[in-house]
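We name chains A, B, ... by the order of the sequence lines, and we start the count at 1 in each one.
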Amino acid sequence: MTSILTYTFKSLPSTSKWALRFSLRPLSCSSQLWAAPAVQTKSKKTLAKPNIRNIVVVDGVRIPFLLSGTSYKDLMPHDLARAALSGLLHRTNVPKEVVDYIIFGTVVQEVKTSNVAREAALGAGFSDKTPAHTVTMACISANQAMTTGVGLIASGQCDVIVAGGVELMSDVPIRHSRKMRKMMLDLNKAKTLGQRLSLISKFRLNFLSPELPAVAEFSTNETMGHSADRLAAAFAVSRLEQDEGLLSDVVPFKVPGKDTVTKDNGIRPSSLEQMAKLKPAFIKPYGTVTAANSSFLTDGASAMLIMAEEKALAMGYKPKAYLRDFVYVSQDPKDQLLLGPTYATPKVLEKAGLTMNDIDVFEFHEAFSGQILANFKAMDSDWFAQNYMGRKTKVGSLPLEKFNNWGGSLSLGHPFGATGCRLVMAAANRLRKEGGQYSLVAACAAGGQGHAMIVEAYPK
Amino acid sequence: MVASRAIGSLSRFSGLRILRSRGYICRNFTGSSALLTRTHVNYGVKGDVAVIRINSPNSKVNTLNKELQSEFIEVMNEIWASDQIRSAVLISSKPGCFVAGADINMLAACKTPQEAAQVSQEGQKMFEKLEKSTKPIVAAISGSCLGGGLELAISCQYRIAIKDRKTVLGVPEVLLGILPGAGGTQRLPKMVGVPAAFDMMLTGRSIRADRAKKMGLVDQLVEPLGPGLKPPEERTIEYLEEVAVSFAKGLADKKISSKRNKGLMEKLTSYAMTIPFVRQQIYKKVEEQVQKQTKGLYPAPLKIIDVVKTGIEQGNDAGYLAESQKFGELAMTKESKALMGLYHGQVLCKKNKFGAPQKEVKQLAILGAGLMGAGIAQVSVDKGLNTILKDATLAGLGRGQQQVFKGLNDKVKKKALTSFERDSIFSNLTGQLDYQNFEKADMVIEAVFEDLSLKHKVLKEVEAVIPDHCVFASNTSALPINEIAAVSKRPEKVIGMHYFSPVDKMQLLEIITTQKTSKDTTASAVAVGLKQGKVIVVVKDGPGFYTTRCLAPMMSEVIRILQEGVGPKKLDSLTTSFGFPVGAATLADEVGVDVAKHVAEDLGKAFGERFGGGSLELLQQMVAKGFLGRKSGKGFYIYQEGSKDKNLNSDMDSILAGLKLPARPEVSSDEDIQYRLVTRFVNEAVMCLQEGILATPAEGDIGAVFGLGFPPCLGGPFRFVDLYGAQKVVDRLRKYEAAYGKQFTPCQLLIDHANSPGKKFYP
């Protein structure tokens, strides 16, 4: 993960120019859709199920997603989470004491605030009577936070949940080496000067070499970019395809001692020629995954208010969307590390009783351009479906005109723990703006895991 | 030939013009006039890159034989003649094999050193042309790239290899008693440096792709791909080809240089090698080491050093000449015939001649977590077999589990496994004290203490819980299987599986069938053994089966020799200098004196005088004093933890003194002592064939070499009789018989062979 950071910096001398150019793409895509809103018959009128509580998203916010090492670099993760929580309070005006529970997702943990949800909630002025816990599931941590909340509401344990996610890649816990840690701990226990001296005499210079947070998969020892490069090659996704594949709900955040941040700063489309010049970042010298077609290291936080529908209505809210069926999947962490969406998509559709044609809005997490294109090809392959997914036929091709129209992780950035809420909010907001009833959210995560959820528009 | 070439060039002419724009031409297709069908080598053209595909018909591996060579030369000539082609990629169409080596049958057909040297020269010429090719050639290596295969690859201008476990590079010729004869001894030192080249050629070790990259043996690595739109292996080879084609283009366009950036250490080494004095020191050092390790019994390593030296000191021409000449000489030596015989035997013993078993063993259970039980468990779990390890006590079980873990962890330290793989392999092992889940077992291997009543007890206990189809295998080194099976309700499912210690290092598995053992039971045992990576000999039941029975008379002679006043150290050096990997006294310590005593008593009863010679008393006294060998810390030697030096156990002096026998001067020269040991071994082995314990001489040789350390340079007892001469063996036996009596009487089959000189174990 750190290596992505380095490459991003190397290859992105300035971003401001590109930001302007970028704005063209979502506009051009979505304008067509606005002109002709999709009208089609759905397999199901709604996904509401008898005797099961409807769960709604009242609203959600995120602070701007920034390249690591920029405006948020001196903050701590709970500061970002706090900003998202305050933003949510401000946006929804929800009375603090109504919130039953707070759940946050995060990946690289700051050791001082290992339960970052609780620290952020206290700092954001939530009631100290509201319990909070933190979950982690790599890039789908925030999804896990949301679905944990959904479970608590569905089972009748809670009515009002705040779920969110946070990641601060500007600062990561770099540890002393195990040998050094062991010596320091032993020193703590040593009672006499003699014992201490004998421990210190065992000190060697190499004890000082630091331990960086894991960049590679623990099980396979392979970095994600490396795996993505192999995945792209396995599905024969060319470098050109990957480079071509590139191209809200934000609350402002007053950073202490700095200016107020109001928009993302990572957006960075570039010309194909410029991108083609970049050197491969992982498999050198002939790989295809580069800094330009990978998501970059990002700081950011998001939060959303989830309620039982009757509670939301009783409190006078106009919800934005329903959270419906969801699935988690997992597969081989070596060769199928990033194929989560391929496996999760058909599973969640079947569970909900929908087909690909019923979906109006697709919001997929894009870790790497090559990864998302490989997922497209996998879903469009009968061979893959038959040999690896135990299906008779392929999942089907995704309609690109409905896909990540407001930008994805590649352009907006990907603060690991916070992306899930961004995806769901983008899905909810797109359903409202572009028209349509169902949205499919899907993401892959380290460890060979994946997630998908159906978001249903709340009737206007 | 001439005609076909003419047609070839004609069709190339017309073919290329038309198809140039399409970018890809299947050569075989365009030139498919009947005369031009090639079976081993084909090529297609991608843009301006020729992709040459090697695919030996009807074989799992590609071998460089005559047909392949001549087709390859034809193809290369077409490529060199073509205006359109600017570079080439050389790749195999077989998954898991680039080129596994030259065809050894080509050598077997040679009658004289000159003929063999001719084979070498043809290879040299072909590869020299490749090396001098003005159109760059990229070798795209997936799978084994060995011997002639590696020599082919290093003649190319660039090498790209798949980074997986199947892709290994090496020159194993030395293991067959020959040398890399197609320019390898000359090119390797230039490519990887003299020390590394010596290491490769003298040990024959296989090098994994990532290591090869570091050494400079390959220029690029390609990661294996997972599933995509095609099966992973297929797509990986395709991807390798794509990458190789891009590099071939780059080389032709001079955008990529085939020169490698050397690291500082490499630069220093290569600088040091320019100093004649340093070079001489290296040759000397390597020669000393080889002498020490081979005891002068193997000619190939010394000749390899010689040939490399000639090339470096006297230039290429002299080097190539020396290479081909020495190659020819080596190919005709007894040692290389012996080693090649072992190679063939090994291939044979890696096949299941009993066919596929009706039910594949998926759940294995092992009784007894001792050294053997845990060893068997280790080689099973790391091949993915679910294995239950049962012991009677928690302490015993814990020790066994730790042994398995340590065995796997050592592989992690050597980077042969990742720690994650270790953990997931270790999860295939279930340790337990009861018979839970034995109802799901497909095979039970018992490795409890060598005691018939105990074996009977566990057999009955196990049969009460296992399903009908489950095989019961007994790991015993001497107890007859039919006696163990006597209490079985289903003797057709009982079989012997004799593993050798340490199980994870020793390649041999001796499978013992009784009259009642069914063919399917045997097939099942062989299948499990093969899965465990073993070389397998299947023998008939009888006291000591084959291996133990051959070893016992030799050990009896060892005792006799010790009693006659030859010290353990002297005895060890006599046996190792004959080619045994472990000295005879040390071997007794390693096996365990109690085990040796046990076996000697049992077999002594069964075979009487023929197993006589030494006095059993010696072993009995040693056991009484607790000198059980390495396991008890004392035997003939003293063993201390952490110390590699071993000193003689001085307490043995009084035991030996008490049992001292007078030596017979006429049969007590060093050579006689060696032959007294070896001829008893050989005589017993031949007797096993005579009695039908052994099915084939090849299995006898494999069992003796891989299980008992019979000198590999002699090829095993049967090959030894063939090469040394049956008459000479019989003469020796008669001489010793005259001095000692019946234990040296040659068996009938051996006498038959001596009487008719044309009769050979290996025709």
Side-chain angles (χ1 to χ4, degrees), chain A residues 214 216-239 280 282-289 331-339 342-343 370-371 373-390 394-395 397 447-448, chain B residues 89 138 140 142 158-165 209-210 213 218-251 253 255-258 260-261 412 415-427:
Chain A
E217 278 292 294
F218 182 73
S219 60
T220 61
N221 218 11
E222 185 182 27
T223 60
M224 197 177 271
H226 200 275
S227 190
D229 204 317
R230 289 194 307 114
L231 185 72
F235 283 95
V237 181
S238 72
R239 167 81 179 263
F282 299 97
I283 297 189
K284 299 164 193 172
Y286 56 84
T288 52
V289 172
Q331 60 281 332
D332 166 29
K334 173 85 185 161
D335 292 328
Q336 305 192 19
L337 180 68
L338 303 170
L339 285 180
T342 300
Y343 284 90
Q371 168 259 338
L373 292 171
N375 272 288
F376 285 179
K377 290 201 178 188
M379 281 192 254
D380 203 19
S381 159
D382 282 325
W383 186 87
F384 188 84
Q386 285 155 7
N387 287 284
Y388 287 91
M389 300 174 69
K394 62 187 180 186
V395 180
S397 59
Chain B
V89 167
V138 177
S142 163
Y158 207 78
R159 283 147 299 281
I160 303 177
I162 298 272
K163 186 184 163 191
D164 63 5
R165 295 228 164 98
D210 46 352
K213 169 85 169 26
V218 301
D219 301 284
Q220 290 296 339
L221 295 177
V222 167
E223 295 281 337
L225 300 181
L229 301 174
K230 285 176 184 171
E233 302 78 30
E234 198 181 318
R235 174 65 193 143
T236 299
I237 292 197
E238 216 177 78
Y239 179 51
L240 171 68
E241 186 181 307
E242 286 164 15
V243 173
V245 165
S246 75
F247 275 92
K249 278 203 179 96
L251 284 164
D253 297 343
K255 279 185 188 154
I256 298 165
S257 157
S258 58
R260 202 168 57 91
N261 289 329
V412 174
K415 301 214 168 129
L417 282 181
T418 66
S419 59
F420 179 76
E421 285 167 324
R422 174 199 63 204
D423 296 346
S424 93
I425 289 171
F426 196 61
S427 71

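Looking only at heavy-atom pairs under 4.5 Å with chain B, the residue among A:S381, A:A233, A:A374 that has the most is A:A233. The residue among B:E421, B:E242, B:R235 with the most heavy atom pairs within less than 4.5 Å of chain A is B:R235. Ranked by heavy-atom pairs under 4.5 Å with chain B, the list A:Y286, A:F384, A:F218 is led by A:Y286. Most heavy-atom pairs under 4.5 Å with chain A: of the set B:L229, B:D423, B:T236, this distinction falls to B:L229.
Contact annotation for B:L221: only backbone heavy atoms (N, CA, C, O) come within less than 4.5 Å of a heavy atom of chain A. Looking at B:E238, neither its backbone nor its side chain comes within 4.5 Å of chain A, counting heavy atoms on both sides. Within the 4.5 angstrom heavy-atom criterion, only backbone atoms of B:P224 (N, CA, C, O) approach chain A. In this structure, chain B has heavy atoms under 4.5 Å from both the backbone and the side chain of A:A236.
Taking each heavy atom of B:P227 and A:F235 in turn, the nearest pair found is O-CE1, 3.6 Å. Nearest heavy-atom pair, B:G226 versus A:A234, reported as atom, atom and distance to 0.1 Å: O-CB, 3.5 Å. The two residues A:D335 and B:L225 have their closest heavy-atom pair at OD1-C, 4.3 Å.
Around atom NZ of B:K163, no more than 12 heavy atoms belonging to other residues, nucleotides or ligands sit under 6.0 Å away.
Residue B:K230 holds its NZ atom at 10.0 Å from CH2 of A:W383, rounded to the nearest 0.5 Å. Put simply, CD1 on A:I283 and CD on B:Q220 are 11.5 Å apart, with the number rounded to the nearest 0.5 Å. Rounding to the nearest 0.5 angstrom, the gap separating the OG1 atom in B:T418 from the CD atom in A:E222 is 12.0 Å.
Contacts of A:K394 classified as side-chain hydrogen bond (donor to acceptor under 3.5 Å, both in side chains), with partners at least two apart in sequence or in another chain: A:D380. In this view, A:R239 and A:D243 satisfy the side-chain hydrogen bond (donor to acceptor under 3.5 Å, both in side chains) rule, not counting sequence neighbours.
The shortest distance between side-chain heavy atoms of B:F420 and A:N221 does not fall below 4.5 Å.
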